[in-house]
Amino acid sequence: MSCFVPGCVSGYPKTRMLNKKNGVKNVSVFRPKNEEERINWNKSIPRADKTLEMSNYVCELHFQPECVDKTYTTVLSDGSLFTMDRGIPLLKSGSVPTIFPNLPKYLSTTIKKRKSPKKRFLSAQKRQKPIQFEPNETSQNNFENVTIASNPFPTNETTLISFKFDDLKNGLQCLNLPNNSWAYCCTHSYIIFSRWKEIKNDIIVAVGIKLNLKIIINNTERCLPELEFPELTSFKNLELILHKINQISNVCEGVCVAREKCASITSENITEIISKLPLQQQEAFKSCIAATKVSSVHGMRYNTYWVYECLLIRIKSRKAYEHLRKHKILALPSIDTLNRYINKMDSGYGFHKCIFELLKKKSSEMSMEQRRAVKFDTKKLKMVGFTDLGEHTTLHQQSKKGDHGLVIMFQPFQGRWVQAIACFLSKGCATGTVLHHLIMECILLLEKSGFFVDAVTTDGASWNRNMWTQFGVTEEQVWVTHPSDIKRQLWFLSDFPHLIKNLRNFIVKHEETWTPDGILKLKHWEALLDLEHEESYNLKIAYKLTSNHIRPKHYQKMNVAMAFQFFGEPIASAMQLLKGFHKDLADCEPTIKFITRIQKLIIAMNSRTPLNALRPNSIHWTAISEFLSYIKQWESIADGKHFMSNNTCSGLKISLTACLEISSFLQINCGYKYVMTSRLNQDALERFFGMMRSACGSNDHPDSVLYIQMFRLISTYSLVKPPKGSNVSGGEMLETLMTLENVTENVSKKSKMSWEDSMDRILDQGIHCDDLKEIIERTPNNPNDFIITYISGYVRRKAIRFSTCQNCQNSLKFNNFEELNRNKVLEVRSRGGLLTTSNGLYDLISTLESVIVKTIEINNLNVDTFFDVASTLENAENLPLIGCIEHCREFTQRILHFYTVTRMHMICKRSNNVIDSIAKDKTRALRKTSKY
């Protein structure tokens, strides 16, 4: 890149080759960043034959050295500066080329370095005539108020020979004082300099015979060693001393005023000042003030509210707590002090009285609607410890090491809080009889504490079904008489996501499955993968479907997300749209109907917002009722054909029936307007076990000792938090808020320029869409036509914001009133936000998409894929330009940039998923190998 300045050869190839041969680094070049900067540079550069353009370069030799930043500077923690060379020098904003070494000298401008403000101030003071103080009656009285010792200076200091007291006394007329408020007077033994404010002097500087100083500020003698005064060997040093004292005195005066204000503040004033702060900040401030009044941290006494907040921090993270305490960021009690509170919670397994006492206090402050429901589950965790099932531990298990954890959790129908009630340890899975006794005891204890237990949720394990039988639950009778109130009912449900996982596993186990709608064939899902090329980076309709969904490995069979995606809406839509493009999809209509039924059921049974909540006679209520009838019909006419397991079928019928009955009970008897059905599954318990594993660090299979310790901390955290809006002591509800910042990668300056140059070359070869022949719409012979139409509708919705020109926005619209076959995808997949697009935009996106896929297939995904796409796009023919004639280049460029960047994000995400999947498979294989 050649330099624009005449006579400069820094960018010539010969110069660059010579620099490379001699090991000399080539100079950097810069371009103007905006039009204003280009105009300023053009005026400064003496060249008449050509005007500086935005694409021209000027090398660093023509800028002042201070205009080019060649190093990174970092201030270290000790205050020192660390510098490091920049790879590419940075031109400071506002810089203008002023040095032209190959041109006549008068054309270059030399910028004089301006003096610092301090030096400019001293120069101005030298022009001031010193004021000699002539004591009058008023000033004489003021001076008499200042007491100066007869011999105020030490006698053991050496007298300076080169500059004597008499020399100073005789030259006072030439002395430059700091400002007009300073004056001086002389006696036979000292010279006194004084600064006056109104009729009072606030600073007195006395110079004795031996040239020693005594400084008095506001009638207080000060030494001021921090100013590092020079020796009094000249008039210049004396002027510098007086200037320093003049500056520091202003600060000292402010400090004195602040001290007086602080001294006048009482404890009542402090309480009033901090009353506007949140309660937690008030307690933190009070604890810090209290810490200043004790000589040792061992003498600190903390109030209950502050201990409560400290306890929550400690439970959240011990390392964070120790960091705050070690570095004295907050006045926190020791870990041992907090442990005395935590030890109130028994660390053993089983039911504990203290938990139910606290729950009783919490329930007294809660409304009736917030105190209903309970659930429990078993989780297989490798442990070291003995079986502990409380009073229900059998004799032959008491000496055996437990390897299963059983957790009972309470979750209300209303409110976001949950509470782990008890934890038990067993050898193997607990029997149905033991579970029956534990659940019965837990229900009675909760009812006694003031809570209402209306339902019990379990998974589909055989020991849980045995426990149901112990209670007397059947398909015809999904509830039993409540153990604490014969007028109430107790319902039992199976975890709905667990049932969907079992149903998915049943379908993928058989190539064909008979249903009342027809035959479900596994090849229908496989045909979608074949059409949409799972390993390719092309756009897909069923974009979440992978081979692992159809042929799950053993550890993927219980993955809830994969089971829900297997029956997802995109799968049914893809089969509906693509059934004419693959022979195996010709008979997929029964599969589409079945997936649609399951999808409606998932939405109804997993609602998390009031919008999708269950209400009588709503679409979700109808979906549950219809599927309940459907499964009964399926079971009645299966007769020897493949049918789901009895456990899954029974769990679905009991759970769906119980869900409808519970919803009716809560709305009729308890005043509920709706029920969010996700409260009837085990998601909260799954999250609890996830917290347990993460709290144990890398040991995701903790032993029984570590497990119960983590259980106690986590369960205590939710237990001590008071209910929202209550008056329970202990402070307000603690909430921790987490912000993602979306981190956007900054593209380097060189990359931006390269991309802009590529765009210029691409647009130069483009043809305006009005000049192209009208595109004749045909029945799509490629499944990608649907997805191109879909993504084009998305691009149009975003591109409307790229220009305010009405003609440009109209160029995106579809002006042909004839119904196009490719627009059917918008009817199936759109939720109201997608728009039909013009043929020009459709052709542009289609061309760009084919270029992106082709580029990745040839070059694979690499660092420069973004620019590889631009290089390939330069060879594209008849690229349509979108927009009006005036703005088509800029408008098309923004569309190209937006779509390419969007696809890069999508491709990176796809690549990351592949890499993560490979890494996980490798880790699992290594773990499996290590066991042998």
Side-chain angles (χ1 to χ4, degrees), residues 1-75 81-120 745-761 763-764 864 867 870 889-890 893:
M1 292 177 286
S2 300
C3 180
F4 181 79
V5 176
C8 182
V9 297
S10 60
Y12 287 9
K14 184 177 180 180
T15 304
R16 300 176 73 88
M17 292 177 61
L18 185 62
N19 290 342
K20 183 178 181 180
K21 182 178 180 181
N22 297 331
V24 178
K25 185 177 180 181
N26 293 318
V27 296
S28 300
V29 293
F30 308 102
R31 285 197 315 176
K33 299 178 181 178
N34 49 56
E35 183 64 21
E36 181 182 358
E37 194 170 79
R38 185 196 67 79
I39 295 174
N40 293 335
W41 287 18
N42 188 60
K43 290 180 180 179
S44 177
I45 298 174
R47 184 165 181 172
D49 62 322
K50 190 176 180 181
T51 302
L52 179 70
E53 302 294 340
M54 294 294 293
S55 58
N56 295 134
Y57 295 89
V58 178
C59 71
E60 64 175 296
L61 298 178
H62 308 292
F63 294 92
Q64 297 293 335
E66 58 269 16
C67 294
V68 181
D69 193 357
K70 296 185 177 182
T71 60
Y72 293 100
T73 303
T74 305
V75 181
L81 297 179
F82 174 75
T83 58
M84 182 177 65
D85 292 338
R86 286 178 177 266
I88 301 177
L90 176 67
L91 182 66
K92 296 181 179 179
S93 179
S95 301
V96 178
T98 56
I99 302 175
F100 310 105
N102 298 323
L103 297 177
K105 188 175 182 180
Y106 68 87
L107 294 175
S108 300
T109 303
T110 303
I111 300 177
K112 295 182 179 180
K113 189 174 181 180
R114 194 181 185 190
K115 294 181 180 180
S116 64
K118 183 175 181 180
K119 292 183 178 180
R120 295 200 305 271
E745 184 180 2
N746 294 322
V747 182
S748 64
K749 182 179 179 181
K750 185 177 180 180
S751 299
K752 287 183 178 180
M753 291 189 296
S754 177
W755 172 254
E756 291 172 359
D757 293 339
S758 299
M759 285 293 102
D760 289 339
R761 292 190 292 270
L763 296 175
D764 288 340
D864 296 322
F867 298 99
R889 288 179 62 91
E890 179 182 356
Q893 179 178 350

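Interatomic distance, OG of Ser95 versus CG of Asp69, reported as 10.0 Å (0.5 Å rounding). Expressed to the nearest 0.5 Å, how far CZ of Phe63 lies from CG of Leu61 amounts to 10.0 Å. To the nearest 0.5 angstrom, Leu91 atom CG is 6.0 Å from Lys33 atom NZ. Taking OG1 of Thr71 as the reference point, atom CE of Met84 lies at 9.5 Å (rounded to 0.5 Å). If you take CD1 on Ile99 and CD on Glu60, they are separated by 11.0 Å, rounding to the nearest 0.5 Å. To the nearest 0.5 Å, the span separating CD on Glu53 from CZ on Arg31 amounts to 11.5 Å.
Residues Ser55 and Phe4 form no side-chain contact, since every pair of their non-hydrogen atoms from C-beta on lies 4.5 Å or further apart. Contact of the Pro32 side chain with the Val58 side chain is not registered, since no non-hydrogen atoms from C-beta on lie closer than 4.5 Å. With a 4.5 Å cut-off on side-chain heavy atoms, Pro97 and Val5 do not count as touching. The side-chain heavy atoms of Arg38 and Glu35, taken from C-beta on, include a pair separated by under 4.5 Å. Side-chain contact check for Ser2 versus Tyr12: some heavy-atom pair is nearer than 4.5 Å.
Formation of a donor-acceptor pair under 3.5 Å by the Asn42 side chain with backbone atoms of Leu52 is found in this model.
Considering every non-hydrogen atom in both Pro6 and Pro46, the closest pair reads CG-O, 3.5 Å. Annotation for Arg16 and Ser10: closest pair CG-O, 4.0 Å, computed over non-hydrogen atoms. The shortest heavy-atom contact between Trp41 and Phe30 is CZ3-O, 3.8 Å.
In this structure, Lys70 places its NZ atom where only 12 or fewer heavy-atom neighbours from other residues, nucleotides or ligands lie under 6.0 Å away.
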